[in-house]
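Only this structure's heavy atoms are used, side chains among them; waters, hydrogens and symmetry mates stay out.
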Amino acid sequence: MQSTDLHPPGFKRAVVIGGGVAGLLSARVLSEHFEQVTLLERDSLPKGPEARKGVPQARHVHALLEAGREALEQLFPGLVQELCAEGAEPGDMGRDSAWFHAGAWKARFVSDIRTVLCTRAFLEWKVRGRVATLPGVTLRPECSVKALLADPSRTRVTGVLLEGPGGEEALEAELVVDASGRGSKGSRWLEELGYGRPDVEQVEIDLAYTSCFFERPSSLPDWKVLVVYPRAPEGWRTGVISCVEGGRWLVSLGGYFGHHAPTDAEGFLAFAGSLARPELHDALRGARPLSAPVTHRIPSSRWLHYERMARWPEGFILLGDAVCALNPIYAQGLTVISKGTDLLARMLSAQARATPATRQGFARRFQRELARVLAMPWWMSTTMDLQYPQARGRRPPGLGLVQRGFTLMLDLTSRNANACRRFYEVMHMRHGLGGLLTPSLMASFIAYSIQSLFVPLERRANVTVCPPAPGGGHDTG
Ligand SMILES: Cc1cc2nc3c(=O)[nH]c(=O)nc-3n(C[C@H](O)[C@H](O)[C@H](O)COP(=O)(O)OP(=O)(O)OC[C@H]3O[C@@H](n4cnc5c(N)ncnc54)[C@H](O)[C@@H]3O)c2cc1C
């Protein structure tokens, strides 16, 4: 990212709505371009790594994909090292995760695709600490935004109306960023200004995560993350154990279409025992729970298509879950946010060099460019979910064929380390989907597809044994 010391006219104050990861990363990016950045957060902000009311998902497993880890490190140099020094676990995706996916274990190998394992609350707390020290940035907790302010012609958003500890207040800004998460009122605020509402695309999955901390046992397995995912459309239950800071395991059990894990300790374990593989339940047997299980429901993956709206005001953008909230089982949310804030950084740098005339339409261009960033993760996540007949959402023509190809590609990732590496690189957003189109991978894919016509899955799949980590072990981080 390029730093601009100059604050051109019109770059005086930016306001960010929401102090989650999208809001914090936005504030970091804006701090290079605006004299003042005010971040407004409805909650009071905890002094430590605690989950809070406005971010209920923070109590559940959060994996940070490689591109997200790199973006964080670029924005906050030394952050990843600091996280790990204080208990987060560095992980190599290929070596340290044991992943049973779509009916088979993924290949295990040293992938050099690096992740960091910690709780979402710990990550947010550390990032917030960094943002709080940035010159020009003010964090204002207990401030809830109620409406957007606009100029008389309503063509430009000029600030926000907030309710804070001192009562109602109008706060002016040249740019307002709505990063207030899935519950964002952004579409209602735009409607109040006469812009109408965006198209909403949804895939209804009625998913819930139920999660609980456990003490990590003294004798450690050869994985840092154990994941058991179902094969769609027959299987509906998921489970993840992830090492997190504090010598703990965070365990999240998920279920689609109402198959939600119970919140009592016995029911939680019984649900773990009902997964497609016994390893997760076996790992928990005898492990000491450190908290009571809590549940979070995710009714749908949802994308608000602001980029398609007929008109758009200057001075207002949205990003993060406020625009697109994905099914969390693919762990893309935080990384997609980092891609969005990277886009914002690049566009602001270009804007700083532009003439006042060419600055017009910045907000609208941002929403359109953001939609391009969102398209691939949305496609990946919803294509998989729409394999379930119960999933309600738009099924484009040819979807069945694409799903068949995708499932074969997933099968291949269990048999072929090269295919698995490529899949991880795409999943971790090192490459777009084109990363799967290498000649050698295509050759393996075609050979495997032909085999699949003649050999039943049970005879093709490595479904019984979790492959060991290559030279693995917990201490190799
Ligand atoms: C169960 C679950 C598991 C997940 N696992 C993963 C994972 O493994 N990996 C991954 O990358 N992603 C995961 N995600 C997705 C990830 O949590 C989200 O993409 C991400 O947290 C969204 O961040 P955000 O900042 O956009 O919104 P949020 O984190 O929801 O933050 C919004 C903030 O805005 C504040 N706010 C709301 N309204 C106002 C207002 N009017 N005024 C002021 N403040 C306001 C809220 O209090 C909150 O602090 C998961 C999600 C869920 C639900």
Side-chain angles (χ1 to χ4, degrees), residues 20 22 55-62 101-102 180-188 191 196-211 227-240 252-263 271 274-276 294-309 318-334 336-337 370-371 374-404 406-407 410 427:
V55 189
Q57 72 271 31
R59 296 174 196 279
H60 305 272
V61 164
H62 269 68
H101 189 197
S180 61
R182 189 166 179 139
S184 159
K185 303 281 187 298
S187 67
R188 202 182 77 198
E191 190 176 38
R197 290 210 179 215
D199 293 342
V200 181
E201 194 173 350
Q202 292 204 72
V203 175
E204 291 175 31
I205 46 179
D206 189 10
L207 175 69
Y209 270 37
T210 305
S211 302
V227 185
V228 180
Y229 277 3
R231 186 174 181 91
E234 306 88 34
W236 295 358
R237 296 180 173 201
T238 70
V240 182
S252 287
L253 302 178
Y256 283 95
F257 311 111
H259 279 242
H260 303 163
T263 50
F271 189 96
S274 73
L275 297 176
V294 286
T295 291
H296 182 87
R297 294 186 69 159
I298 303 114
S300 61
S301 295
R302 195 196 65 174
W303 186 356
L304 280 75
H305 286 285
Y306 288 110
E307 80 286 359
R308 294 183 190 160
M309 286 177 71
L318 305 96
L319 51 73
D321 278 16
V323 178
C324 183
L326 298 159
N327 179 341
I329 80 165
Y330 306 108
Q332 294 163 304
L334 300 176
V336 170
I337 287 171
L370 183 67
L374 298 172
M376 198 275 273
W378 173 263
W379 181 86
M380 257 179 101
S381 143
T382 55
T383 298
M384 303 308 289
D385 285 344
L386 286 167
Q387 291 182 99
Y388 292 104
Q390 302 86 343
R392 293 212 315 215
R394 192 177 65 85
R395 288 179 160 77
L399 179 69
L401 205 61
V402 174
Q403 286 169 334
R404 170 95 184 118
F406 213 89
T407 303
L410 290 183
M427 177 187 153

Assess whether atom CZ of R395 is packed by more than 12 heavy atoms of other residues, nucleotides or ligands within 6.0 Å. yes

Using 0.5 Å steps for rounding, measure from the OH atom of Y256 to the CD atom of E204. 14.0 Å

Closest non-hydrogen atom pair, L319 against A22: CD1-CB, 3.7 Å

Does T407 form a side chain to side chain contact (heavy atoms under 4.5 Å, CB included) with R231? I'd like the steps, not just the answer. CA-CA 9 Å; T407 303; R231 186 174 181 91; 3.4 Å; yes

List the steps, then state whether side chain to side chain contact (heavy atoms under 4.5 Å, CB included) holds for W236 with D206. CA-CA 11 Å; W236 295 358; D206 189 10; over 6 Å; no

Write down the atom of Q202, the atom of W378, and the distance for their closest heavy-atom approach. CA-CH2, 4.4 Å

Take R197 and M309 through the side chain to side chain contact (heavy atoms under 4.5 Å, CB included) test and state the conclusion after the steps. CA-CA 8 Å; R197 290 210 179 215; M309 286 177 71; 5.9 Å; no

Identify the two heavy atoms, one from P198 and one from Y306, that lie closest to each other, and give their separation to 0.1 Å. CG-CE2, 3.5 Å

Can you check whether W303 reaches D199 side chain to side chain, under 4.5 Å on heavy atoms? no

With no hydrogens and no angle check, do the side chains of T382 and E201 hold a donor and an acceptor under 3.5 Å apart? no

Could you tell me if the side chain of T263 sits less than 4.5 Å from the side chain of V294, heavy atoms only? no

Return the minimal non-hydrogen interatomic distance between L326 and V336, and the atom names on each side. CD1-CG2, 4.0 Å

Under 4.5 Å between any side-chain heavy atoms of V402 and W379, yes or no? yes

Are any of the side-chain heavy atoms of P328 and Q57 separated by less than 4.5 Å? no

Calculate, to the nearest 0.5 Å, the distance between atoms CD1 and CG belonging to I205 and N327 respectively. 4.0 Å

Yes or no on side chain to side chain contact (heavy atoms under 4.5 Å, CB included) for L370 and E307, after CA distance, side-chain angles and deciding distance? CA-CA 8 Å; L370 183 67; E307 80 286 359; over 6 Å; no

Measure the CZ-OG distance between R237 and S274 for me, rounded to the nearest 0.5 Å. 3.5 Å

Is the H60 ring parallel, tilted or perpendicular to the Y209 ring (thresholds 30°, 60°)? perpendicular

Kindly give the heavy-atom pair with the smallest separation between A322 and R302, and that separation in Å. O-NH2, 4.2 Å

Closest heavy-atom pair, M427 versus Y330, reported as atoms and distance to 0.1 Å, is CE-O, 4.4 Å

Value rounded to 0.5 Å, distance of CG in D385 from CG in L207: 8.0 Å

Sub-4.5 Å side-chain heavy-atom contact between R59 and S211: no

Does R392 CZ have over 12 foreign heavy atoms under 6.0 Å away? no

So how far is it from I329 CD1 to S301 OG, rounded to the nearest 0.5 Å? 9.5 Å

How far does CZ of R297 sit from NE2 of H260, to the nearest 0.5 angstrom? 5.0 Å

Would you say the side chain of R182 lies within less than 4.5 Å of the side chain of P299, judging by non-hydrogen atoms? yes

Mind checking whether Q403 and L386 have side chains closer than 4.5 Å, heavy atoms only? yes

